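The structure appears right after this line, and notes come after that.
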Amino acid sequence: QVQLVESGGGLVQAGGSLRLSCEESGSIATVVVRDWYRQVPGRQRDLVARLVPSGRATYAESVEGRFTVSRDSAKSTVFLQMNDLKPEDTAVYYCHARNKMGGDYWGQGTPVTVSS
């Protein structure tokens, strides 16, 4: 019933920009957090951006000042604007949501490759 679908990944040059989208379908009840994570094969999945219902966003130090998370509630879509991309940003990016009951929902991931 509940699906999170990421899109917008691709191959870009270092210094370029990319915007990821996470479209939410179905009801996740009351969402308490919406996040973007990224994962490199063989490594842990790391939180890169978090958006709470109040609208406050926080970022991992590695992306602070370069990435911006936002939400269009009318379209049930969360965005991750990525600017000044670096090769170390290469990863599969996942959106995530947690509801008030502690349930976690994940998208399928969208790959981002940044060439040097």
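Everything quoted here is computed from the prediction, not taken from an experiment.
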Does [X] reach the main-chain N or O of [Y] with its side chain, forming a donor-acceptor pair under 3.5 Å?
X: R98; Y: D104; answer: no
X: T77; Y: K75; answer: yes
X: T90; Y: V114; answer: yes
X: Q108; Y: E6; answer: yes
X: T110; Y: G9; answer: yes

Give the cluster check for Y94 versus L85: same hydrophobic cluster or not, with ILVMFWY residues linked at side-chain heavy-atom distances below 4.5 Å.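 They do not share one cluster, since no chain of ILVMFWY contacts under 4.5 Å joins Y94 to L85.
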Mind checking whether Q81 and S17 have side chains closer than 4.5 Å, heavy atoms only? yes
Side-chain heavy atoms of V69 within contact of R34, under 4.5 Å: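 In short, these two side chains do not touch, never coming nearer than 4.5 Å.
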Value rounded to 0.5 Å, distance of [atom1] in [X] from [atom2] in [Y]:
X: H96; Y: W36; atom1: NE2; atom2: CH2; answer: 12.5 Å
X: S21; Y: F79; atom1: OG; atom2: CZ; answer: 4.5 Å
X: Q13; Y: T113; atom1: CD; atom2: OG1; answer: 13.0 Å
X: S76; Y: E23; atom1: OG; atom2: CD; answer: 7.5 Å
X: L4; Y: Y105; atom1: CG; atom2: OH; answer: 9.5 Å
X: S62; Y: R38; atom1: OG; atom2: CZ; answer: 4.5 Å

[X] and [Y]: which non-hydrogen atoms are nearest, and at how many Å?
X: L51; Y: S70; answer: CD2-C, 4.0 Å
X: R50; Y: D35; answer: NE-OD1, 2.6 Å
X: Q44; Y: D46; answer: CG-OD1, 3.1 Å
X: S116; Y: A14; answer: CA-CB, 4.4 Å
X: V31; Y: V33; answer: CG1-O, 3.3 Å
X: L20; Y: Y93; answer: CD1-CB, 3.5 Å

With Q39 via side chain to side chain donor-acceptor pair (under 3.5 Å) - residues at least two apart: R45
If we check side chain to side chain contact (heavy atoms under 4.5 Å, CB included) with L18, which of these qualifies: N83, L80, V112?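 Option passing the side chain to side chain contact (heavy atoms under 4.5 Å, CB included) with L18: V112.
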Can you confirm if the aromatic rings of Y37 and W106 lie within a centre distance of less than 6.0 Å? yes
